[in-house]
Amino acid sequence: MSNQATPAQLRIRNIGIIAHIDAGKTTVTERFLYYTGVIHRMGEVHDGQAVMDWMPQEQERGITITSAVTMLPWRKHEIHLIDTPGHVDFTVEVERSLRVLDGAVVVFCAVGGVEPQSETVWHQADRYGIPRLAFVNKMDRIGADFAGCVEQMREKLDCRPLPVQIPLGQEDGFEGIIDLVKMEAQRWRSGDLGATFESFPLDHDLRALAKPWREQLIEALGDEDDEIAELYLNDDPIPEEKLRTTIRQLCLQNRGVPVLCGSALRNKGIQPLLDAVVNFLPAPVELPPVKGTNPKTGKPVEFERTRNQPFCGVAFKVQLWEGRKHTYLRIYSGTVSTSSFVYNANKGADEKISRLLKLHADKKERLQKAQAGDIVGVVGLKLATTGDTLCTREHSVQFGEIEFMIPVISMAVEPKTSRDEEKLKDVLVKMVEEDPTFTVTEDPDTGQTILSGMGELHLEIICDRLVREFHLPVNVGKPQVVFRETLKGLAEATERFERAFANEGQTKKMFAEVTLRAKPLERGRGIEFFDEYTPPEDAHPVLKEWVRAVEAGVREAAGSGPETGYPMVDLEVRLKSLRTREGETTDISLHIAAAAAFRRLCRKAGSAVLLPIMSLEVVTPEEFTGTVIGDLNARGGKVEKLEKKATRTVIKARAPMPKMFGYSTDLRSLTEGRATFSMHFLKFDVV
C-alpha cells in the first residue's frame, strides 16, 4: 500500500459482479442499489425493470448483454460496481471489465453449483489476479446445497473457500444466515423488502450446527497466522477483528475466498455481502503499483495508484449512445479534468476530453474532475478503442492489451434499400469499435457484407440494434459457420518468380526462388515459421529483411486456404532454400515466390477442414437423459461425462457447431421445456 494514501482513497472499492447466466448477478446488483439508497424501488429482471439492464434487448430477454457501471455508498465507502453478462456470447464484457477491476463478487446458484460459465469467469479473474468473494445465491430454492457448492469450488476451481457464513435453514425454510466470525444468527423480517434484519445469539442447536464450520475456518486461518493458532490451541477467545484482518489478508493475496450465502430474490443476505465487500476486498491503493512499459524506450515503468502521481488509465470499453461515442475509463493514478488533453500511448497521439461523466447504468451526470480509483465515462476521444492506455506525454506508458476470443459464426446482411448502403457501412464500423469480438468483412466473390460474432444470440442482438438504434432495416442471411484449414501431411515445394518489365525506357528484371517445407501441428499452435536456409559461401548474402519477406508471403497465402477460403492454422513452415540474384531480388519478388510455393505445397499435401467444436453442458430431468444423449449423438456430438444432481442429470459433451443451430428450440421440445444448456467455443478440429 502506498504511504501517500489518504483515508478517502482507502474507502474506494472497484468491484464487478460475475457469474454463470441466471445465477442472479443483476438481482444482487439491484438489491445493492436499493439497500444503499441509490434507488427507492426494486425492479426485477423477469419483469424487464432492472435498472442495470437498460437496453430494450435486455429487458425483453431477461438477460444482461452489456456491462453497466454504477456507484454505491455504503458505510462511508464509495463502491464503483460493474454488472457483467453471464451469457458466453458476451464474454468480451466480462474480460474487459475484469481488466480494470480490483475485486469481484462471484455469484453461484445454490442448486446449480459451479457451472460452466462460472469456471470461465473464474479463470478470467485468475488471469488478472483479482481478489474474490463468493456469494451462494438462491438458498431458498428446492435442491439448494451450500456445502456441495463449497466443495465444488474447491474441486473445480482449485481455490481455497473460506465460508464466513452458513445458511440458517434452506429451501422453503431459509430464514437468514449464521455469521461464523461473530457467532450470531441474522434473520430477515418479511414485510419491509429485506431492509431490516434481527441479530440474535446462537442457541444450543445452532451452535452445534455452526461449530464444525467455525473450526474449519479457524484452522484454515491458524495455518496462516500463529497468533490465531495459539489462541485456538489454548482454547482462548479469538477477537473478531483479528479473524477479519486475517481473512482480508488471505483474500487480498488470492490465497483464500470468503464465501457468503443468501437469496437475492427474497431479499436475504445482501447487507452482509455489502459489508464483506468493504471488509475483505481491496481499495485501489492497497494493490501493488500498476506496471507497464514505456512505448518509446521499451523499459518497464510503474505508477503508484495515488492521486499525486502522473495521470494514467485504461480505456476499457466503447459505447455508442445516441450515435455518439462514449469511452469508459479506469483511472489508475493522477487526476484528469474536463477540456484537458491526454496522450493515447497505443495510437501515439493527443486526444481532448470534452466531457467527464459519472455513470449510473444509462444515466449520466457531468463531472469537472476525476482521479485515481475512479471509473468514469469520457466524451470526445476520437481514436481510443478498447484496451488503449491514456497518460501524459511526459510520463508515457503502455499497459498490456486485452485478449479477446475469435468469432465462430457469421452471416450476410444487406440494407433493404440501396440508399442505406453507406449508412450501414458507417454504423458497422462504429459497432466493431464498440465490440472487439464482432468483425465485418466483405465476401470477395459475392460482394456481400459478412458479420461474424460469438454465437447466434450475439448476431441476433447486433441486427436488432441496427433496426432499433440506427433505424436501418436489413435483410439477413442464414448464419454460417466460420471454418479453419490445416495440412493433411508433410510436403515440400519450390517456386520461382521471374519477370522482366519496361520501366522508363529500361528493362528491369525481378527474380526469386523459394523452397518451403511444411507439416501440420497439434491444435491451437497457429503458424510457426523457421528459417533453415544456410547460404553457400559464394552466394549473395541473405538479408534479414528477405527472410521476413518470405515469412510475410507465407502468412499472407495462409490467410486463405485452398478448400474453403478460410485461414490456415496449426502448421509448421520451414524455409529450406533461397536463390537470389544481385540487383534483381527484392522483398516483393521473395514475397510473391514464397506465397506461390506455399500454395503449391498445400496442393501437394492436401488440406483438412477444421470445424469449430463447442463445449456443451445440458442439465435435464432424469427421465429425458436418454433422449438428450440420443439427439446429441445424431448431431455428431460426443458425450464426455454424466453427473447426477438430485433429480437431474448433467450431460457434458462436445459437438460440431454446424450441427448445433437451433438447439435451444429442439431441446425445449425434447424435454417439455424443462432442460437448460450452456455452450461455448472450445477449439477448431477435424470431425
Should we count NZ of Lys423 as having more than 12 external heavy atoms under 6.0 Å? yes
Rounded to the nearest 0.5 Å, what's the gap from CD1 on Ile462 to CD on Glu460? Could you check? 11.0 Å
Yes or no on side-chain hydrogen bond (donor to acceptor under 3.5 Å, both in side chains) for Thr449 and Lys425, after CA distance, side-chain angles and deciding distance? CA-CA 9 Å; Thr449 300; Lys425 287 180 182 177; over 6 Å; no
Could you check whether any side-chain N or O of Lys325 sits under 3.5 Å from a backbone N or O of Val318, counting only pairs where one atom can act as donor and the other as acceptor? no
Any Asp388 side-chain heavy atom under 4.5 Å of Leu383 side chain: no
Considering all heavy atoms, the nearest Lys296-Ser396 contact: CE-OG, 4.2 Å
For Gly373, does its backbone N or O pair with a side-chain atom of His80 as donor and acceptor, under 3.5 Å? yes
Less than 4.0 angstrom from a charged side-chain N to a carboxylate O is my criterion; do Asp126 and Arg132 meet it? yes
Shortest non-hydrogen contact from Val482 to Ser452? CG2-OG, 4.4 Å
Check the surroundings of atom NZ in Lys358: do more than 12 heavy atoms from other residues, nucleotides or ligands lie under 6.0 Å from it? no
Please examine the side chains of Lys317 and Ser67, heavy atoms only from C-beta on, and report whether any two atoms are closer than 4.5 Å. yes
Under the 3.5 angstrom rule, does the side chain of Arg255 hit a backbone N or O of Leu252 as a donor-acceptor pair? no
Over 12 non-hydrogen atoms of neighbours within 6.0 angstrom of CD in Glu302: yes
Ring-plane angle category for His458 and Phe438, please: parallel below 30°, perpendicular beyond 60°, tilted otherwise. perpendicular
Using the rule given for side chain to side chain contact (heavy atoms under 4.5 Å, CB included), can you reason through Phe303 versus Cys391, listing the C-alpha separation, both sets of side-chain angles and the distance that settles it, and then say yes or no? CA-CA 11 Å; Phe303 292 80; Cys391 53; 5.9 Å; no
State whether the side chain of Thr338 and the backbone N or O of Leu367 hold a donor-acceptor pair below 3.5 Å, judged by distance alone. yes
Examine distances only and state if a side-chain atom of Arg248 and a backbone atom of Leu281 form a donor-acceptor pair shorter than 3.5 Å. yes
Ignoring hydrogens, what is the shortest heavy-atom contact between Ala134 and Phe108? Give both atom names and the distance. CB-CE1, 3.8 Å
Run the numbers on Leu72 and Leu33 for side chain to side chain contact (heavy atoms under 4.5 Å, CB included), then give the verdict. CA-CA 7 Å; Leu72 316 168; Leu33 293 169; 3.2 Å; yes
Using side-chain heavy atoms (C-beta onward) and a distance below 4.5 Å, is Tyr328 in contact with Leu359? yes
Yes or no on salt bridge (Lys or Arg N to Asp or Glu O under 4.0 Å) for Lys430 and Glu433, after CA distance, side-chain angles and deciding distance? CA-CA 5 Å; Lys430 292 177 181 176; Glu433 190 176 18; over 6 Å; no
Measuring only between side-chain heavy atoms, which start at C-beta, is Ile17 closer than 4.5 Å to Val107? yes
Counting C-beta onward and ignoring hydrogens, is there a side-chain heavy-atom pair between Val342 and Leu381 closer than 4.5 Å? yes
Is the closest basic N to carboxylate O distance between Arg465 and Glu434 below 4.0 Å? yes
Check this for me: Ile588, atom CD1, are more than 12 non-hydrogen atoms of other residues, nucleotides or ligands nearer than 6.0 Å? no
Donor-acceptor under 3.5 Å (Arg484 side chain, Phe684 main chain): no
CG (Asn279) and OG1 (Thr245) are apart, to the nearest 0.5 Å, by 9.5 Å
Flag if over 12 foreign heavy atoms under 6.0 Å of CZ, Arg160: yes
Note: Ile12 and Pro284 closest approach over all heavy atoms is O-CD, 3.4 Å
Could you grab the distance from atom CZ of Phe530 to atom CD of Glu551, nearest 0.5 Å is fine? 10.0 Å
Point-to-point distance, once rounded to the nearest 0.5 Å, from NZ of Lys347 to OG1 of Thr389: 10.0 Å
CZ-OH distance between Arg393 and Tyr343, expressed to the nearest 0.5 angstrom: 5.0 Å
Main-chain N/O of Ala384 paired with Glu351 side-chain donor or acceptor, under 3.5 Å: yes
Charged N to carboxylate O under 4.0 angstrom, Arg127 versus Glu95? yes
Where is the tightest heavy-atom contact between Val257 and Met153, given as atom of each residue plus distance? CG1-CE, 4.2 Å
Taking every non-hydrogen atom, the tightest pair across Leu133 and Val277: CD1-N, 3.7 Å
Contacts of His326 that satisfy ring pair (Phe, Tyr, Trp, His ring centres under 6.0 Å) - sequence neighbours left out: Trp321
Would you find a donor on one side and an acceptor on the other, under 3.5 Å apart, between the side chain of Arg555 and the backbone of Ile527? yes
Side-chain touch Phe470/Met431, heavy atoms, less than 4.5 angstrom: yes
Does a side-chain heavy-atom distance below 4.5 Å link Phe529 with Val550? yes
Tell me whether Asp570 contacts the main-chain N or O of Leu521 through its side chain, where contact means a donor paired with an acceptor under 3.5 Å. no
Can Lys544 and Asp531 be said to form a salt bridge (Lys or Arg N to Asp or Glu O under 4.0 Å), step by step? CA-CA 10 Å; Lys544 287 183 179 179; Asp531 173 20; over 6 Å; no
Take Leu101 and Ile15 through the side chain to side chain contact (heavy atoms under 4.5 Å, CB included) test and state the conclusion after the steps. CA-CA 6 Å; Leu101 290 173; Ile15 68 164; 5.6 Å; no
Short side-chain to backbone donor-acceptor contact, Asn14 and Val100, under 3.5 Å: no
Is it the case that atom CD in Gln368 sees more than 12 heavy atoms from other parts of the structure closer than 6.0 Å? no
Are side-chain heavy atoms of Glu30 and Ile39 found at a separation under 4.5 Å? yes
Among pairs that include at least one residue of residues 367-404, which meet ring pair (Phe, Tyr, Trp, His ring centres under 6.0 Å), considering only residues two or more places apart or in two chains? Tyr332-Phe399
Give a yes or no on whether a salt bridge exists between Arg244 and Asp275, defined as a side-chain N under 4.0 angstrom from a carboxylate O. no
Picking from Thr386, Ile461, Val92, what satisfies side chain to side chain contact (heavy atoms under 4.5 Å, CB included) with Asp435? Val92
Approximate separation, where rounding is to 0.5 Å, of Gln371 CD and Arg307 CZ: 3.5 Å
The test is side chain to side chain contact (heavy atoms under 4.5 Å, CB included); show your working for Phe90 and Thr66 and say whether it passes. CA-CA 7 Å; Phe90 309 107; Thr66 185; over 6 Å; no
